[in-house]
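To start, the structure itself, in structure tokens.
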Amino acid sequence: MAILPITLYGDKILRKKAIRISKVDAKILTLINDMFETMRNADGMGLAANQVGSHKSIFIYDLSSVKGFEKTKPMVFINPKIVEYSAETTVMEEGCLSLPGIRAKVERPVGIKLLYQDLDLNDHILEDDDLLARVIQHEYDHLQATFFTDRLDDEGKKMVKKPLQKIVSRKVEIEYPITDKGTM
Ligand code: ZN
């Protein structure tokens with residue numbers, strides 16, 4: 001296993017939509033193991049493949065360090081697709097390993113219904129209306145080339161403009177490995 005450098009806002013791969021997987025081979029399994037190691041090293045709750053430089057349609061989460069979710073099993077989602085959103089929305093603060101130092105309140109649907117595949121490419125459905133639904137929407141956004149900051153209102157977008165520019169130019173202190181500017 002290896003800790004991979006995390007892509008940051010400004011890296012082009014984070015603005016490209018993920019590509020579906022048709023076969024889970026040894027390379028993909030290594031990628032997934034590396035994603036878990038990279039996420040845990042950075043104290044993240046979730047991670048999408050393009051955050052470690054891969055175009056594959058994969059995201060993971062591990063909420064076992066979150067109070068109240070210790071028994072929630074770490075999960076891998078392959079070729080995920082959110083097919084239903086609740087009408088009810090809620091506001092929660094979010095952060096992102098690719099947007100270090102930025103936290104903002106984001107409004108999203110409370111509940112979701114997610115179709116995804118496991119490592120054997122068997123189909124599954126997951127429905128949630130709690131923290132999982134929030135993490136899944138955030139990571140799913142990454143695979144759609146979207147950041148949580150894209151979802152802020154005009155005032156919120158104005159607030160994050162300068163911090164985002166600092167991330168692009170790497171003028172931020174980060175305690176985990178990141179990509180060099182212009183390499184992704
Ligand atoms: Zn993120």
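Counting starts at 1 for both ligands and their atoms, in listed order. Note that this is a predicted model, so its numbers are computed, not measured.
- By the 6.0 Å contact criterion, NZ on Lys157 is enclosed, its count of non-hydrogen atoms from other residues, nucleotides or ligands being greater than 12.
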Pairs of donor and acceptor atoms involving the side chains of residues 20-30, under 3.5 Å and at least two apart or interchain, shall be tabulated with distances.
| unit_1 | atom_1 | unit_2 | atom_2 | d |
| --- | --- | --- | --- | --- |
| Asp25 | OD1 | Lys27 | N | 3.3 |
| Asp25 | OD1 | Ile28 | N | 3.0 |
| Thr30 | OG1 | Ala26 | O | 2.9 |

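- Under the 4.0 Å criterion applied to side-chain N and carboxylate O atoms, Glu94 and Arg108 are assigned as salt-bridge partners.
- Between Tyr61 and Phe77, the angle of the ring planes lies from 30° to 60°, which puts this pair in the tilted group.
- Around the Zn ion (ligand 1), the protein contributes the following N, O or S atoms under 2.8 Å, ordered by chain and number: Cys96 SG, His138 NE2, His142 NE2.
- Note on ring orientation: taking the six-membered ring where Trp is involved, the planes of His124 and Tyr116 are parallel (angle under 30°, cut-offs 30° and 60°).
- Of all the heavy atoms in His142 and Cys96, the pair that sits closest is NE2-SG, 3.4 Å.
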